[in-house]
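Presented below is the structure to which this report refers.
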Number of protein chains: 2
Amino acid sequence: MDAILRAIVEPRRRDILQLVQHQEKTSGDIAAHFPEVTRPAISQHLKVLEDAGLLAMRKEGTKRLYQAVPERLADLKRYLEAFWDDRLQLLAREAETEERRSSLPDDQRN
Amino acid sequence: MDAILRAIVEPRRRDILQLVQHQEKTSGDIAAHFPEVTRPAISQHLKVLEDAGLLAMRKEGTKRLYQAVPERLADLKRYLEAFWDDRLQLLAREAETEERRSSLPDDQRN
DNA sequence: TGCTTAATGAAGCGTCAACTTACATTACGG
DNA sequence: CCGTAATGTAAGTTGACGCTTCATTAAGCA
């Protein structure tokens, strides 16, 4: 999940994701949208996205076609949903903290 | 919005956010949850989170109490919702690309 | 086979950010 | 006042990463 978050933080990678969200595109096609950087740079971004599971690749001859994997975005969405609401982690941490405090006299609490 | 994304990508900051999501805590209290790093490191994280608008701070004597600002998380949520579905950016880019291609002979297309 | 096209791999560079140590600030309490 | 507690700031180090240039792989085709 961390890989997904790191992947989508880079603005260029978010742009790439948008590009192939609804249709496959070749590496060169994608690179053509970003004249401000070189092709290898795009290639590296594609690798990061693919490693994070956000992109699927299939070869067709000498071309490589990339497309977004909506399931992974759904994963991220679910994770964030849980992040907003989930108190479990918080409560676990609180439990041990409170326990430690209760066993100390008042003047040792901070 | 980029600031929010960058802020929550750092795992330690996500943990901090969870800690103060439902109750205020002092800087020292928060730092006590992360024995693996020093207090100044936490202080710096708090600043990043506060600058991103994700944390509110109020002073109480010499202490500083931090708490999450749920509105900003809601902003992020809305942004991501839009990100999944929004085709506007994509369509804009497609339009200019397709136009450029159609005006070129076949052998100049990539 | 050898040339061309599509794309990645590898090495190196510059920048950024998370961290540490040391110092400064601010407020309370005797 | 002065000391101490709570916290932030400054400066410096280090590792990660996005980028470029140059080299390499792989497929299609004469």
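Labels below follow one simple rule: chain letters A, B, ... track the order of the sequence lines, proteins then strands, and each chain is numbered from 1.
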query: To the side chain of Glu10(A), which of dA27(C), dC19(C), dG18(D) is closest?
result: dG18(D)
Under 3.5 Å, which donor-acceptor pairs do the side chains of residues 43-50 of chain A form with other protein atoms, sequence neighbours left out?
residue  : atom : partner  : partner atom : Å
His45(A) : ND1  : Arg13(A) : NH1          : 3.1
Lys47(A) : NZ   : Asp51(A) : OD2          : 3.1

query: If only side-chain N and O atoms of Thr26(B) are considered, is one of them under 4.0 Å from the OP1 or OP2 phosphate oxygen of dT7(D)?
result: yes
task: Assign Glu50(B) to base, sugar-phosphate, or nothing according to its heavy-atom contacts below 4.0 angstrom with the strands shown.
output: nothing
message: Is it the case that the side chain of Arg72(B) and the backbone of Ala52(B) share a donor-acceptor pair, with hydrogens and angles ignored and the cut-off at 3.5 Å?
response: yes
- prompt: Between atom NZ in Lys59(B) and atom C1' in dA6(D), what is the gap in whole Å?
  reply: 12 Å
query: Is there a path from Leu80(A) to Leu73(B) through hydrophobic residues (I, L, V, M, F, W, Y) whose side chains come within less than 4.5 Å of each other?
result: yes
task: State, to the nearest 10°, the angle formed by the axis through the first five base pairs of the helix from dT1(C)-dA30(D) to dG30(C)-dC1(D) and the axis through its last five.
output: 10°
query: Linking I/L/V/M/F/W/Y whenever their side-chain heavy atoms sit closer than 4.5 Å, directly or via other members, would Leu5(B) and Leu54(A) fall into one cluster?
result: yes
- request: Taking Arg64(A) for its side chain and Lys59(A) for its backbone only, find out whether a donor-acceptor pair lies under 3.5 Å.
  value: no
message: Nearest whole Å is fine: how far is dT7(D) P from Glu24(B) CD?
response: 12 Å
query: Are Tyr79(A) and Ile16(B) connected in a single hydrophobic cluster, I mean Ile/Leu/Val/Met/Phe/Trp/Tyr linked by side-chain heavy atoms less than 4.5 Å apart?
result: yes
field: Hydrophobic cluster identity match, Val20(B) and Val69(B), side-chain contacts under 4.5 Å
entry: no
field: Phosphate-side-chain proximity, His45(B) and dC19(C), N/O vs OP1/OP2 below 4.0 Å
entry: yes
Nearest-Å distance for atom pair CG/P, residues Leu49(B) and dG8(D): 12 Å
query: What nucleotide, of dT7(D), dC19(D), dC17(D), holds the atom closest to the side chain of Arg6(A)?
result: dC17(D)
field: Given DNA chain D, 5'-ward residue of the pair Thr38(A) and Glu60(A), judged by closest heavy atom
entry: Thr38(A)
field: Arg6(B) side chain to Val9(A) backbone, donor-acceptor under 3.5 Å
entry: no
task: Whole angstrom is fine here: how far is it from CG in Leu55(B) over to C1' in dT7(D)?
output: 15 Å
Distances for protein N or O near nucleotides 8-15 of chain C N or O, under 3.5 Å:
residue : atom : partner  : partner atom : Å
dT8(C)  : OP1  : Tyr66(A) : OH           : 2.3
dT8(C)  : OP2  : Ser27(A) : OG           : 2.8
dT8(C)  : OP2  : Ser43(A) : OG           : 2.2
dT8(C)  : O5'  : Ser43(A) : OG           : 2.8

- prompt: Does the pair Glu36(A)/Arg12(A) count as a salt bridge with the N-to-O cut at 4.0 Å?
  reply: yes
- prompt: To the nearest angstrom, how far is Arg58(B) atom CZ from dA6(D) atom C1'?
  reply: 15 Å
Whole-Å distance separating the CZ atom of Arg12(B) from the C1' atom of dA16(D): 16 Å
message: From NZ of Lys25(B) over to P of dA6(D), roughly how many Å is that when rounded to an integer?
response: 16 Å
statement: Testing dA6(D), dA6(C), dG18(D) for proximity to the side chain of Thr62(A), the answer is dA6(C)
